[in-house]
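So the structure is just underneath, and the comments pick up after that.
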Amino acid sequence: MSTTLDPVQTQAAANGAAGNGVHPAPAYEPNMVLATRAYDVVGTRPVRHDGADKVTGRALYGADKQMAGLLQGFVLRSPHAHAKIVSIDTSKAEALDGVFAVVTADDLPPAKDKIVDVGEGDTRLAYVHGNVLAKGKTLYKGHAVAAVAATNVHVAEQAAKLIDVKYATLGSSMTAPEAMSSGAALLHDDLKTMEYGQPTDKASNVAQHFQWKIGDSDEGFAKADVVVERTFDTATVHQGYIEPHNATALWNNDGRVHIWTSTQGAFVVRDVTATILEIPVSQIKVTPMEIGGGFGGKIPVYLEPVAALLSKKTGRPVKLVMTRADVLEGTGPTPGSHVSVKIGAVNGGKITAMQGNLAYEAGAYPGSFVAPGGMCIFAAYACENVTVDCYDVVVNKPSSAAYRAPGATQAAFAAEQVIDEIAGKLGIDPIDFRLQNAAKEGSRRVDGPKFRRIGCVEVLEAMQRHPHYGAPLAGPNCGRGVAVGFWFNVGLESSCTLSVNSDGTVNLIEGSTDIGGTRTSIAMQAAEVLGIPAEDINPQVVDTDSVGYTSVTGGSRTTFATGWAAHDAAQKIVDEMKVRAAKLLEADAAGVTHEKGVYSAAGKSVSFREIAAQASRTGGPISASATVKPRGVGGSYAGNIVDVAVDPETGKVDILRFTAVQDVGKAVHPSYVEGQMQGGSAQGIGWALNEEYFMGADGGMQNNTLLDYRMPTALDLPMIDTCIVEVANPGHPYGVRGVGEANIVPPPAAIANAIQNAVGRRLQRLPMNPPAVWQAVANGN
Amino acid sequence: MHWVDYQRPESLDAALQAFAANAGNAKALAGGTDLLVQMRAGRCASGVLVDIKNIPELNEMSYSPEQGLTLGAAVPCYRIYGDKTVSAAYPALIDAVSIIGGTQIQGRASVGGNLCNAAPSADVVPVLIALGVVCKVTSAGGTREIAAEDFCVAPGKNALAAGELLVSLHFPPPALQSGARYIRFIPRNEMDIAVAGAGVSVTLADGRFSAARVALASVAPTPLFAREAGEALVGRPVHAASIAKAAAAAKAAAKPIDDMRGTAAYRRNLCAVLTRRALEDAVARAGGKL
């Protein structure tokens, strides 16, 4: 069981294979696992524990929350992209029959000048405050200005229209290049550029400019036989989760606040809401409801403090639920970007220098994820001379939030097209070219760290060997493209408690929002240690009063880190079981061995189930908790092979075939890993082809419905074939890497490369929608 | 959303009375797939909804090879494409009614409603224009007929006067050696609104076009009857060169704008491409060969 096999040499049996050992598979199949190691539970595909509730509609989501005396709220939002708030008169709204309370930013405690942790990074408290309810100025169309609580949502909406807000409109800055230009309208009077980590006195929309550098790029470009430099732009896009944001709050008479919400991190909601409202964290209990998608967008706090304030004012529970337009205009999309990439290589194919210049649109407040974009942009390549400049730019759009591998997709769209172009100029197969320069263990990333064991080479080799790569193209105007991408894995903090029931099952308590089937993937890791079936574990995600601190479900960390906490808690249970077994076997505890749920000593044995049944006779209930802050994170590489058909007369691009390859370390539950790969690919295809915040001349989003904000439908996607590559992460007990995000990084670049291959035009702006592709074909780029 | 009164008359007379009694404040409710969305968005202030789905005349669907098709204004899409005879006689109508919304929408949405909603992007209207459909309109004062191409007068505005109700649509019987087709362009493959659309009909005789009509969606304030495009074909041989002339005429007739669904230049290009493709298919349906 301890042998590590080369993942590409070994094609293990994949779908539904649940047994021990490595089974040679005869041929590639659409969904395949190139497995390293087999376990009893890890790597199998049990039915998910929350499946019945989800498919029968019994699972309770945020908007399902009902309770006696519940009021409904409505949030009034700014109609202007940038405006001074001259005055707010709420008297007419408050006088309307059925209205219980109105709140504005004046009802929030004044924001202290401090830095707060908002789940996936730190920011100034004033920015969090300002985004929850605008104070003094509105910075984007959709910015929350006031909120009403009333007997029902229709009355609340009617009342909100009676709030008289006087605005003085201001000039706006809508894109990064525009906001960076001299004379641009400034969003924040007190924002001074941080240059190379040092404060300056430059009043600007550029919150930060920093640079990473290894070697000497000028020298590297001088050595190159081929140098390609191009500039790329990407539009603002939204995560597009189906469930709108919601929050229900009850500010109790004893001063305790209870919040029900769908969030990626109940503890982050607790902590940020407590900070905003200036009450101790212990006074807030957050109950996480089921979540209908998040992708990073359900980490920030929007409605929770507002619902709490309305409840405090009314003495009644208050529910707020966003409309779809609120979600698109008032929550955090991913930044639009403006990226230049220059790469040089010698004729043999070795890359001699790489240079990137990334300007990302943070939206209304600093924090655009340009830093991870800069870290990831060349992370697939080992190069001695690399320079990356990053600019975090505020613009009059909604404050951006994390979106699945935040910042990396924009970067890969630029870098992977230039890589493709150079490979073409050198006459080298694009995968060979990438393999020749691929990052490996020991390669240095531009921001400093050296990679530990990574699977970039293995992913590229799997792509090259995949039958898709050699298959003939379908016909004229068809093309094939490839691209790869990288994303991190974070550790953060997780807690888990296990309690053994007398019938031999185990209750598992954890605090990680289950977005991708993590109840099961966490339970499986405990089951593996305990030597019992996954079905004998009963995992539950509980409120913040009932489990140890647990960070957000983000950074692809939940199966990795909360699974690790479950693993550690299960080890403690095994240790205690050995003590109990010793009593039952009348043996010395030190001599008890455990294998697959059977405890043995001196030729006798007793099962997990029997020990559980006898617990009260051998010392009482058996329970254990573990907390982790793991460091052995494993980043993940993903690659795509994409075939497209372009209609040159209409510019429409159809995805004919799509293969997603990813190094996942160890697929705990391969079906959910495949789901992540397919989901990231689907979102990447939408981002590539049609999704876009279409901004009007007034600085507002014109397509604020799902009719005109075009995410792909089922008929727009082919079957997305998956190929799981397992290069075990040496930092995790089961070799797990974070798998949720890297899969969205390569699709737009791979599709752009396929379009280039099909019609000989290189698209340098997202989305590559029909008018853009038609224009490129008609105009010769 | 505001409160509304709901009425469900069971006869044409009762419906006309309801409209007369609530002049200017009543809206006809058929499938509601446009109206209810507009009400939720605050774009329709009517205080009374008159449900017309229980009026016999508005649910009529009768066809004969001699008389053609009479289609009640409230007949939902699914009944039309579920009828084999109607589907065989008017395949272009089926082209349109089977791509409006999704399956659930097609269970409710009606051709009459699509016409009365008067959206420039309406998928059914170019087909009605191409097929020479005549609309029967009734009020307490009497009945009149309006040609399909005259029915929509501005974005969201139709030719009905206050108190008038669209009762039915009359499709002429398909001529010998005739064929028709509707094609739209959408960026996705379903659940979308036409960036441009082309509805065409042709009649062939002795290797030439003896009649032809072309209408366009989403390239003008109303669904556009591109009369010149059809006239460009009449008398000419059934040949790609003739079709190219008609496509160019359609492109010239279009008056598109730039918006979030496409640029004017892109839409003009689509008019030519879609008209050509629709005419090629219509010729094939007419039994002709290019």
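Each chain gets a letter, A, B and so on, in the order the sequences are listed, and its residues count up from 1.
Of all the listed residues (A/T650, A/V653, A/N703), the one sharing the greatest number of non-hydrogen pairs under 4.5 Å with chain B is A/T650. Contact tally against chain B (heavy-atom pairs below 4.5 Å) for A/E692, A/Q158, A/R710, A/M695: the top residue is A/R710. Each of A/P712, A/P770, A/A772 has some count of heavy-atom pairs under 4.5 Å with chain B, and the biggest count is that of A/P770. Across A/N690, A/T323, A/L707, A/V153, the residue that shares the most heavy-atom pairs under 4.5 angstrom with chain B is A/L707.
Of the atoms belonging to A/D647, it is side-chain heavy atoms, and not backbone ones, that fall under 4.5 Å from chain B. Only the side chain of B/L270 comes within less than 4.5 Å of a heavy atom of chain A; its backbone N, CA, C and O stay farther away. Residue A/D716 touches chain B through both its backbone and its side chain, counting heavy-atom pairs closer than 4.5 Å. For a residue to count as touching a neighbouring chain, one of its non-hydrogen atoms must lie under 4.5 Å from one of that chain's; by this rule A/L706 touches chain B with the backbone only. Using a 4.5 Å cut-off between heavy atoms, B/R267 does not touch chain A at all. The contact between A/D708 and chain B is made entirely by side chain atoms (from C-beta outward), counting heavy-atom distances below 4.5 Å.
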Note to self: Could you walk me through whether B/D259 and B/R261 satisfy the salt bridge (Lys or Arg N to Asp or Glu O under 4.0 Å) test, starting with their C-alpha distance in whole Å, then the side-chain angles of each, then the deciding distance to 0.1 Å, before giving a yes or no?
What the structure shows: CA-CA 5 Å; B/D259 70 8; B/R261 294 176 188 147; 5.3 Å; no
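The residues A/E361 and A/K397 are annotated as salt-bridged, a charged nitrogen and a carboxylate oxygen being separated by less than 4.0 angstrom. A salt bridge is absent between B/K27 and B/D34; no separation between the charged side-chain nitrogens and carboxylate oxygens falls under 4.0 Å. The pair A/K141-A/D698 fails the salt-bridge criterion, with no side-chain N (NZ, NE, NH1 or NH2) lying under 4.0 Å from an Asp/Glu carboxylate O.
Ring planes of B/F185 and B/Y266: perpendicular class, angle over 60° (limits at 30 and 60°). Using a 30° and 60° split on the angle between ring planes, A/Y241 and A/F295 fall in the parallel class, below 30°.
Between A/S172 and A/H80, the side chains place no donor N or O within less than 3.5 Å of an acceptor N or O (distance only, hydrogens not considered).
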